[in-house]
Amino acid sequence: MSASLAAIDRDRLTALIDRERAAYRTNFPASRDAFEATGNHLLGGVPMTWMRMWSGGFPLYYATASGARLTDIDGHEFIDFCLGDTGAMAGHSPAAVRAAVSRRYAELGGATTMLPTQDAAWVAAELTRRFGAAQWSFTLTATDANRGAIRLARQLTRRPKIAVFSYCYHGSVDEAFIVATQTGPRARAGNVGAPVDPRETTRVVEFNDAAALERELSHHDVAAVLMEPALTNIGIVLPEAEYLGAVRELTRRHGTLLINDETHTFSAGPGGCTAAWGLEPDMVTIGKSIGGGIPAGAYGLTTELAERILADPAADIEDTGGVGGTLAGNALSLAAMRATLGEVLTDEAFEHMIAVATRFTAGVQSVLDSRRLPWNIVQLGARAEYRFCPEPPRSGGESAAAADTALDEYLHLYMINRGVLMTPFHNMALMCPATAQADADAHTARFAAAADELLS
Ligand SMILES: Cc1ncc(COP(=O)(O)O)c(C=O)c1O
C-alpha cells in the first residue's frame with residue numbers, strides 16, 4: 001500500500017518553510033517589534049519559556065480573545081484551535097465565567113483568604129457526577145494535582161515508585177520524565193535539573209503493552225500507575241480494545257493504585273475518558289480547562305482511600321506534610337470552576353464540540369485520502385491531531401519515531417500566516433463551545449492548500 005502513497009520532496013519542503021518564515025516576519029511586524037524590544041529581563045525573552053516553541057522565530061503577541069477567536073497586536077483575527085493548549089477549552093472569556101469572576105473579585109471581593117466558599121462543595125459534587133471519584137481536593141495546576149495524587153498514593157501504599165508510559169506528559173512532575181528504549185529506561189532527553197535519576201523513582205512501559213506493565217508491576221514496589229487513558233502529548237495514541245481493562249486488572253492484582261490524568265482527555269466528554277469508557281480509576285486528576293482559563297486543578301479519590309488517608313497518623317495533610325498550596329482552592333478559582341462546569345463545558349456543549357471535531361477530522365481525512373498522503377488523523381472527542389505516519393501510532397515510542405519537525409513547522413506557519421492557530425508543540429486542534437463547523441471547514445481548506453503546495 002505505501003508504495004502508492006505520495007512522497008514528500010524534502011527540498012520543496014525546505015523552500016516552502018523559507019517562504020512561510022519570510023511571510024511570517026512580514027505579516028506580523030508589531031509582534032516582531034514587541035519581541036525584539038523585550039529587553040533582557042525575561043528569561044528567553046518570553047513570560048514562560050514554552051512560548052519560544054511557536055514557529056517563526058518570535059511569538060505572536062495577542063491583543064484580545066473571545067470564544068474561539070483571538071486577535072494579535074497587528075490586528076489580525078485567528079481561529080484558535082490551540083486554545084491555550086487546552087487551558088481555554090471553554091473558549092476565551094466565556095460570559096458565565098466572566099460574570100462569576102468579576103462578581104467574586106470586584107463585587108464580593110477577595111480572591112484568596114485561606115477560608116472556604118460554598119462554591120467548593122458544588123464543584124466537588126459536579127466532579128463526582130462526571131468522573132466518579134468521591135472526594136476532591138483543589139490545586140492551581142494539573143501538575144500540582146498529579147503531584148498531590150502521587151504523594152497520597154505513596155503514603156497509602158507505602159511503596160516508593162510510580163509507573164508511567166513512555167513519552168507521557170503529566171506536567172513538570174519529576175517522576176514522569178523517563179522513556180523506555182530497547183536498552184532499558186532512561187531519562188527523557190533534555191530533562192532539566194532532575195533531583196534524582198528518574199529510574200530510581202519510576203518504572204516506564206510502552207502504552208498498549210500489557211505484558212510489559214505486568215512485568216513492571218510484579219516487582220510490587222509501584223504505588224500508582226499515572227496515565228492518560230489515551231496519550232495526548234505525543235500525538236494522540238488511543239488504547240486498543242481490552243487494554244485499559246487489562247491495566248485495571250493488573251493494577252488491582254498487584255496492589256497498585258490507578259490514577260487517570262484527565263487534563264487533556266477531558267476532551268472525550270463531560271466526564272473525560274473515565275466516564276466515556278466506563279473506567280474505574282482509584283484517583284482522577286485534572287486541571288487547565290476546568291476554570292475557564294483561571295488557574296484551577298483538582299484531584300479526586302475513592303471514599304475508601306480518602307478515609308484511609310484521613311485516618312493515617314503518619315500523614316500530615318493539614319500542615320507541612322507536602323500536600324496543598326497557599327492559594328489552592330481559592331475563592332476566585334472555585335467561582336471560575338463552578339461557572340465553567342455549570343454553564344460552559346456542559347453535557348450539551350460537549351455534543352457540539354465533538355460534532356465539530358468529527359467534521360474537522362473528516363475534512364482532514366478527505367484531504368489525506370484524495371492526495372494519498374501517508375499521514376493519519378486521530379480524534380479524541382473534541383480534540384484531533386494529525387501525525388506523519390500512515391497508521392495511527394500504537395505507543396508513545398512509535399509516535400515519537402514519526403515526529404517530523406520540518407513538516408510541523410511548515411504546517412504551523414502555513415496556518416498561522418492564513419489566520420489559523422494550531423497547538424505549537426504538534427498538530428493538535430481542540431474545539432471549544434464557540435468553535436463553529438465553518439471553522440473546521442476553514443482549517444480543511446487551508447490544510448488542502450498546504451498539502452497541494454507540498455505535492456505540486
Ligand atoms: C495530561 C497532562 N497533565 C498535566 C499537565 C500539566 O498541566 P499544567 O502545565 O497546567 O500544570 C499537562 C500539560 O500539558 C498535561 O497534558
Side-chain angles (χ1 to χ4, degrees), residues 46-54 81-90 131 137-151 153 162-178 188 191-192 202 204 207 224-239 244 258-268 271-274 279 281 283-300 323-325 327-329 333 336-337 340 378 380-385 396 399-400 422-430:
V46 283
M48 191 267 300
T49 45
W50 289 5
M51 293 182 190
R52 291 164 63 88
M53 288 281 291
W54 291 98
F81 290 108
C82 168
L83 294 172
D85 190 18
T86 308
M89 188 166 94
F131 295 96
S137 200
F138 295 101
T139 63
L140 293 181
T141 64
T143 299
D144 261 350
N146 284 326
R147 287 196 187 117
I150 289 170
R151 283 244 180 195
I162 66 153
V164 298
F165 294 90
S166 200
Y167 291 98
C168 66
Y169 187 74
H170 296 284
S172 47
V173 171
D174 294 320
E175 289 89 339
F177 293 100
I178 187 165
R188 199 157 170 175
N191 193 10
V192 180
T202 311
V204 58
F207 200 74
V225 169
L226 173 62
M227 78 183 301
E228 289 190 283
L231 300 183
T232 67
N233 283 290
I234 185 77
I236 296 175
V237 181
L238 296 176
L244 295 178
L258 178 60
I259 307 171
N260 276 3
D261 178 349
E262 290 276 15
T263 302
H264 277 188
T265 50
F266 187 23
S267 65
C273 289
T274 299
L279 308 177
M283 298 189 205
V284 173
T285 59
I286 188 162
K288 295 202 189 189
S289 62
I290 54 172
I294 301 293
Y299 54 92
V323 290
L327 272 68
S333 176
M337 280 189 260
T340 304
V378 176
L380 181 67
R383 180 190 302 287
E385 171 151 2
S399 194
M422 300 286 284
T423 310
F425 311 104
H426 27 112
N427 283 294
M428 187 159 79
L430 182 64

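Since the model is a prediction, treat every value here as computed from it, not as a measurement. Both backbone and side-chain heavy atoms feed into the values below; hydrogens, waters and symmetry mates do not. Counting starts at 1 for both ligands and their atoms, in listed order.
Looking only at protein heavy atoms, the nearest one to atom 3 (N) of ligand 1 is Asp261 OD2, 2.6 Å. From the protein, the heavy atom lying nearest to atom 14 (O) of ligand 1 is Lys288 NZ, 2.6 Å. For atom 9 (O) of ligand 1, the closest non-hydrogen atom of the protein is Thr143 OG1, 3.8 Å. Closest to atom 7 (O) of ligand 1, if we only count protein heavy atoms, is Ala142 CB, 3.4 Å. Here the heavy atom of the protein found nearest to atom 5 (C) of ligand 1 is Gly171 N, 3.5 Å. Protein heavy atom closest to atom 16 (O) of ligand 1, with residue, atom name and distance, is Asn233 ND2, 2.9 Å.
Applying the 4.0 Å criterion to heavy atoms of Asn146 picks out, from ligand 1, the atoms 3 (N), 4 (C). Near Thr141, with a cut-off below 4.0 Å to any heavy atom, the atoms of ligand 1 are 11 (O). The atoms of ligand 1 that sit less than 4.0 Å from any heavy atom of Glu228 are 1 (C). Atom numbering of ligand 1 starts at 1 in the shown order; those under 4.0 Å from a heavy atom of His264 are 14 (O), 16 (O).
Ring geometry for Phe266 against Phe131 counts as tilted: the plane angle lies between 30° and 60°, on a 0 to 90° scale.
Annotation: the span from Asp85 atom CG to His264 atom NE2 amounts to 4.0 Å, rounded to 0.5 Å.
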